[in-house]
Amino acid sequence: MKVVFINLHHNNFLLNNYSQLISGYKIKTYKHKFLLDFFINGKIEIVNLIVSNNVDNAEVEKRKADYVFEKNNVRIGSIRNTFDTDVVDSMDICFVYFHNYTEYIYSKRLKCKKVLMSNHFIRVKKGQYFNLYEDGFVAFVGETDFSENAFVNTYFNLNNVEVVVCPYIYTKRFCQKKSLDERKNKLLAIGTLSTVKGIEEYSGYVDYFETEWVQPFGAEIKKRQFFNRRWLDSEVSYINQGHMSEKKSDSVLIKSIKRMYNSSHERQGKYLSYDIVDKYNEYKIFVRPEEMVGNPSINMVEGMACGTVYMGANKDMYEPLGMKPGIHYILYDGTFKDLKKQFLYYINQKERLSEISERGKNLVRERFEPNIVAKDFWETIKQLSSMS
């Protein structure tokens, strides 16, 4: 049994990919690198299936792949680059990342079992519908249980495929440095604010939710932060902060100037301006507005690992992860009014807040440790593959 990826060297969920290395982009987004490390350390045969328009481009892509693996300190020989789909057989498992739609389309021709990694599956066009079983998929994977998620079921046929949870993990640098008593009695709001305005590939999301914002409550916090600064410190920032946005009315010259500026200036400058571990350790409680589709955030896991109490807006999102409101995190109803109400109540409950902090931190270290998550996930996928 081999593990197959399509154009692995361009996948920013699994490693520091080619475009990030070339641009020098500082934010590392490889949230599933721990899975790739698990496969490599377990000496599981890994195939990087290089897809390109012609042979010449394919050879260029192979050199790019070798460069990426070297820069990511991938052990030589642990990943096999190939252009030949015939090396992939029915016993193999191909992990397809849906945020790169071309992976999904190309994977249809492969004879192996396929697993859809649904990260950022908001990238759907109006009218699209994916019959996963007919396209050869055995599993739909998300950061929580999406089997009853109305948005997912509008665009994906989940019949005859297993819905699998692969939660976010924390890394060792996320740790508690200060006791709660040493921290601020204010709420930390953190995270990136993304928009899909005007992007056709996300028209299904906009049509369904009637918003361009991926984290609309984050936009509300940003709007209200100034008038609530007595109890709220907001580090919510736009994903393109530091870049110049292009407009339809811009001339070719203006667009060129803006692109040159953006190529030499880092995105998310505010987010990069501080150490996020130290930032968590400054506060007793934090909130990271969730994605509208029902995705939790990796900030949830990282902040809780630092002993900071998390505020979450959706009970159904967190219960599949073993999180219970009032035990591991603070539940609010998703409105700004209740966010303030719950924060002001809990910030004055010293003993109870300390208990939630400790239980939340312990839960993260028990359930979201990289090797534990990777091992459980791999065993589940192997079992599904053998049954199908």
Output field: ring centroids Phe286/Tyr280 closer than 6.0 Å
yes

Flag if over 12 foreign heavy atoms under 6.0 Å of OH, Tyr67:
yes

Could you tell me how the ring of Tyr318 sits relative to the ring of Tyr310: parallel (under 30°), tilted (30 to 60°) or perpendicular (over 60°)?
perpendicular

Angle between ring planes, His99 versus Tyr97, binned at 30° and 60°: parallel, tilted or perpendicular?
perpendicular

Euclidean distance, Tyr18 OH relative to Asn7 CG, rounded to 0.5 Å
13.0 Å

More than 12 heavy atoms of other residues, nucleotides or ligands under 6.0 Å from NZ of Lys71: is that the case?
no

Any side-chain heavy-atom pair of Ser107 and Lys114 under 4.5 Å
yes

The single option from Tyr283, Phe336, Tyr345 passing ring pair (Phe, Tyr, Trp, His ring centres under 6.0 Å) against Trp231:
Phe336

What I want to find out is whether Asp275 reaches Lys279 closely enough, with some N-O distance under 4.0 Å, to be called a salt bridge.
no

Does CD in Glu148 sit with more than 12 non-hydrogen atoms of other residues, nucleotides or ligands closer than 6.0 Å?
no

With a 4.0 Å cut-off on N to O distance, would you call Glu61 and Lys64 a salt bridge?
yes

Hey, would you say the Phe38 and Phe34 ring centroids sit under 6.0 Å apart?
no

Can you tell me how far the NE2 atom of His9 sits from the CG atom of Asn16, to the nearest 0.5 Å?
14.0 Å

Check: Asn100/Thr102 side-chain N/O donor and acceptor closer than 3.5 Å:
yes

Going through the distances and angles, do Asp278 and Lys177 end up as a salt bridge (Lys or Arg N to Asp or Glu O under 4.0 Å)?
CA-CA 8 Å; Asp278 289 340; Lys177 296 180 178 181; 2.8 Å; yes

State whether Phe226 and Arg229 meet the cation-pi test: NZ (Lys) or CZ (Arg) under 6.0 Å from the six-membered ring centroid, and within 45° of the perpendicular axis.
yes

Can the ring centres of Tyr104 and Phe130 be said to be less than 6.0 Å apart?
yes

Any Met311 side-chain heavy atom under 4.5 Å of Ile285 side chain:
yes

What verdict does the salt bridge (Lys or Arg N to Asp or Glu O under 4.0 Å) test give for Lys62 and Glu59, after you've listed the backbone C-alpha separation in whole Å, the side-chain angles of each residue and the deciding distance to 0.1 Å?
CA-CA 5 Å; Lys62 183 179 181 302; Glu59 289 296 335; over 6 Å; no

Verify same cluster id: Ile44, Ile79 (apolar side-chain graph, 4.5 Å)
yes

Please enumerate all residues that pass ring pair (Phe, Tyr, Trp, His ring centres under 6.0 Å) together with Phe69, with sequence neighbours excluded.
none

Take a 6.0 Å sphere around CD of Glu210 and say whether it holds more than 12 heavy atoms from other residues, nucleotides or ligands.
no

side-chain hydrogen bond (donor to acceptor under 3.5 Å, both in side chains): which pairs involve residues 367-376, sequence neighbours left out?
none

Under a 4.5 Å cut-off applied to non-hydrogen side-chain atoms, are Lys284 and Arg183 in contact?
yes

Before we go on, tell me: are the rings of Phe95 and Phe39 under 6.0 Å apart, centre to centre?
yes

Drop me the distance from Gln215's CD to Leu193's CG, to the nearest 0.5 angstrom.
6.0 Å

Please walk me through it: do Glu355 and Arg352 pass salt bridge (Lys or Arg N to Asp or Glu O under 4.0 Å)?
CA-CA 5 Å; Glu355 290 173 353; Arg352 190 173 180 189; over 6 Å; no

Do Ser179 and Asp181 meet the criterion of a side-chain donor-acceptor pair at a distance under 3.5 Å?
no

Evaluate the ring planes of Tyr205 and Phe209, with Trp represented by its six-membered ring, and classify them as parallel (under 30°), tilted (30 to 60°) or perpendicular (over 60°).
tilted

Can we call the ring centroids of Phe13 and Tyr30 under 6.0 Å apart?
no

Quick check: are there more than 12 heavy atoms from other residues, nucleotides or ligands sitting under 6.0 Å from CE of Met1?
yes

Euclidean distance, Lys126 NZ relative to Glu201 CD, rounded to 0.5 Å:
15.5 Å

More than 12 heavy atoms of other residues, nucleotides or ligands under 6.0 Å from OH of Tyr129: is that the case?
yes

